[in-house]
Amino acid sequence: MLSTIDQAAPAVDTSKRVPGHVIYRRVLAERTSYALAAAGMAAGPQLDDSAWSYLASGGIGLGTLAWLYAKTKDPDQGLSALTRAQRAIPFLTAAGTYVANLITPGFNWWEVVAPAAWASLMGWMAPLTRSAGLVLELTEHQSQHGAGPGQPLTYTEFLAAKWQQATGDDTRLVSITPFRADRPDFEAVVVAQAGKAVPTLTEAQLAAAFDFPVGTVKIRPIQGSGPGRMRLVARPTSEDAEAVAEGIRGLWESAVCAPGQAAPGVDLIDYRAEPHRIVLLVASPPGKEIHLPHTAICSAFGIDDPSRLVIETDGIRQGVISIYKTNPLMKVRKATVDDLTMDAKGRVTIGICHDGKPARMRLWDPSQGALRGITAGVTGAGKSVLQNLILAAEKRSGVVSWVGDVQGGMSLPEAEGRVDWFAKGPVETLLMLTAAHAVMKYRERISNEMGRGDFALNKPWPLINITLDEINRLLSHPDEAMRKATAYLIADIQKTGRKVGIGIRLAVQSLHLKDLGDDDAIRQQGKVGALFLMRTASSSTKEMGLDGIAPAGFQMENIPARIYENGQIEALFSGKDDEDGESTAGMAYMFLDGRAKFMRTFFAQKVDGVYPDLIALYGDEPATGLTGGEAKAAQAGAAIYGVRHTNPYADCDTLAQAFSDTPGSGSTPGASPPGPAPGADSGDGHQAPFGIPFGDGGPDIGEEPGLQDQILDLLADGPKSLKQLREALPSFQPSSVSNACTQLKSKGLAKSLKRGHWQLADS
């Protein structure tokens, strides 16, 4: 508008050069006066409709017209007719609106709307300030680049002249609009000569044209225009992210919260722009539960890489949405010993969250005891690195680590020899669970005798954490007895191990029940502790049982196998190979305390099939082991504990082979598990489940020689009950007598006459 007024009166220079803050204050004062006048225009006619009101309002309007007529009769009086008319607009329109309200009987809704509309229109136009011919005063730096004495330039003219000087006559800089009056930041349109395209300029050339820092001036296409017109944006004092954030609210209202869009009714409360991230604070209407569909919001913001958008909610009605320029977890550092050293709250750091905060998990909870947990992810998702980080942290923190690698030791080779027990294969893993169950019963008995109800770290026992990798192989084992025994032991340790300091973690392909032996109790118990959900074979989470741990309204999309700096679609369009992307191994949703955090484990480089960095983190100190009493209980539960570091049963296919007295004793693949047969009496009136006896432990391997022979001698006199056999053999543990009877049965030397009664096989 200023340029239009100047063109209307070229002979008279009425412009006044003032600082930017002066223009801002005048516009603010003018708009405030319009708001106050509008309030009076709405209330005045309702309070006083006397003749004086008509005379006053009519007089203002007629007086303004008379003044305008008198001033326009002589065009040489300094101000142009257009400028005078511009100054008369507010008074004429205000008087007309006021008179219209006076002559209307009663009260009508438009008598309030009309003054409000008038104030909005006048505030947008600001005719009084614009008619004053104020222009932005040049800074000292800008003035020294002017055209010369007597030829001062406005800021927009100065910018146009600088562009012309730098690029010549090939292009022109038009439609120059400063973003703020107190900053040099602006946007403009670059127009090339007719029939030519705007030349391609480097960031250095663009910055040099205005003497701005490199990278703060950019040229972008204009939607609907050809290559002859381009948009130029210069932001030497503010981040370009600010411009993005300024458009966020409009985008949210049109594409997200509008009816029929991604999240109808969810309001954008506040937002902030960071160099590589925009953070949105949103909330559902009162009385409504928040619901933020991840995929739909990605689509609304034009994001093709779902890992660039992270949603977190309080589970009620508020949420935080983080939008990143690129995936925030593309690069993660390596772990240190300090990261893996447990603090007073039982926490260690295993990675980095999307917002740069450390990703911490508990090895145990001082107020609750040992913890349970589940890690789910397909091969290559990063389960092995996560498990190794946790195991190294346990070793550094004095925790007894027992590891069952059902895949024969191939999943976690780094842990072998660096933990107290590294069990290979399904059979040895089941033996390890049997020993752990015996230790748990031992601790329960001692705690009961001591009158203790909760676990205290190293008072008197250390914390025991059991890690079972690829446990789905054992929970779905073709041997029904092994499968049922595994499910029973895991579920029992999950339920009762917490108070005696025995935790258990499972690593599976997914949280689907088929990967957990169709045992929902195991899944529900495992979710109570730390749950890590990595890349899985399915993006569906409804069947994974996230209810109860994921915040209300939480929706998780599956993590892709690879991510690309400029997005997957751009990579597909440009024909890049799959290997050009960055692997997402280690990225996971960590569910803790009712919150879901998007994080990535620390980086580890695999060399020749192992992770040397992780091996170094274990340290050279010997692993923490059991106390003397616990070791005896573990040995009683499974005699393999004493020779656990040699892994003699890693290749066994059945428990019967593992528990045979001597090689070639008649045990064959497919024979019954050790201990009482399914449904047999354990001697204390309870039924032993799945061949695993109740009491201090399971089968006693390495027992005193001659027990079986003595039982055979007693049975030679006729059938005996299990109780009679135990009374006749007081020097042996009751469970040892039960196990010896079962082994005699497997050898074909004895048979069960009825429940709890035995006789010779040839009787």
Side-chain angles (χ1 to χ4, degrees), residues 24 27-28 31-32 35 120 123-124 178-183 185 187 216 233 235 237-329 352-359 550-557 589-599:
Y24 173 78
V27 171
L28 181 61
R31 289 173 176 171
T32 302
S120 300
W124 173 70
F179 288 116
R180 289 175 53 171
D182 59 344
R183 291 188 180 182
D185 307 56
E187 67 176 355
T216 62
V233 179
R235 288 184 171 272
T237 64
S238 61
E239 289 285 344
D240 201 32
E242 179 182 326
V244 177
E246 289 172 357
I248 286 291
R249 189 173 295 278
L251 180 60
W252 181 270
E253 293 176 353
S254 62
V256 180
C257 71
Q261 299 301 324
V266 179
D267 294 327
L268 177 60
I269 306 301
D270 197 5
Y271 62 85
R272 74 173 187 272
E274 299 175 357
H276 300 288
R277 173 191 181 204
I278 296 177
V279 188
L280 312 179
L281 175 63
V282 300
S284 63
K288 298 290 185 180
E289 184 179 281
I290 193 165
H291 179 69
L292 299 172
H294 191 278
T295 304
I297 295 178
C298 283
S299 176
F301 284 104
I303 297 174
D304 67 334
D305 179 2
S307 62
R308 286 176 47 208
L309 186 140
V310 181
I311 299 175
E312 298 172 282
T313 74
D314 63 357
I316 305 175
R317 62 177 294 262
Q318 289 192 320
V320 173
I321 300 176
S322 298
I323 304 173
Y324 293 92
K325 289 183 178 180
T326 59
N327 187 293
L329 301 174
I352 303 296
C353 293
H354 69 92
D355 54 4
K357 297 179 181 178
F554 172 81
Q555 284 198 353
M556 185 200 73
E557 291 301 314
Y589 288 90
M590 179 173 62
F591 297 89
L592 287 174
D593 303 325
R595 297 185 62 189
K597 285 184 171 293
F598 184 51
M599 52 81 66

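Residue numbers count from 1 along this sequence.
Residue Trp252 comes nearest to Val266 through the heavy atom pair NE1-O, 2.8 Å, listed as atom of the first residue, atom of the second, then distance. Scanning all heavy atoms of the two residues, the minimum distance from Ala262 to Pro293 falls at O-CG, 3.2 Å.
Leu280 contributes atom CG, which lies 11.0 Å from atom CD1 of Ile269 (distance to the nearest 0.5 angstrom).
Listed for the Thr32 side chain is a donor-acceptor partner under 3.5 Å among the backbone atoms of Leu28. A donor-acceptor pair is defined here as one N or O able to donate and one able to accept, closer than 3.5 Å; such a pair exists between the side chain of Arg308 and the backbone of Lys325.
Using the six-membered ring where Trp is involved, His354 and Tyr324 have ring planes that are perpendicular, over 60° apart on the 30 and 60° scheme.
Looking at Met599 and Lys357, their side chains never come closer than 4.5 Å, going by heavy atoms from C-beta outward. Side-chain atoms of Ser284 and Glu289, non-hydrogen and from C-beta on, never get closer than 4.5 Å to each other. Looking at Gln261 and Val256, their side chains never come closer than 4.5 Å, going by heavy atoms from C-beta outward. Inter-residue side-chain proximity for Leu268 and Glu253 is flagged as unmet; no heavy-atom pair is nearer than 4.5 Å.
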Notebook entry, point to check: Taking it one step at a time, do His276 and Thr326 satisfy side-chain contact (heavy atoms from CB on, under 4.5 Å)?
Noted result: CA-CA 8 Å; His276 300 288; Thr326 59; over 6 Å; no
Margin query: Would Phe301 and Ile321 count as a side-chain contact (heavy atoms from CB on, under 4.5 Å) here? Give the steps.
Written below: CA-CA 12 Å; Phe301 284 104; Ile321 300 176; 5.6 Å; no
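Partner Ile311 forms a side-chain contact (heavy atoms from CB on, under 4.5 Å) with one of Ile290, Leu292, Val282 and no other, that one being Leu292.
Taking the side-chain contact (heavy atoms from CB on, under 4.5 Å) definition, one finds that Pro264 meets it with nothing, sequence neighbours left out. Ser322 pairs by the side-chain hydrogen bond (donor to acceptor under 3.5 Å, both in side chains) definition with Arg277, not counting sequence neighbours.
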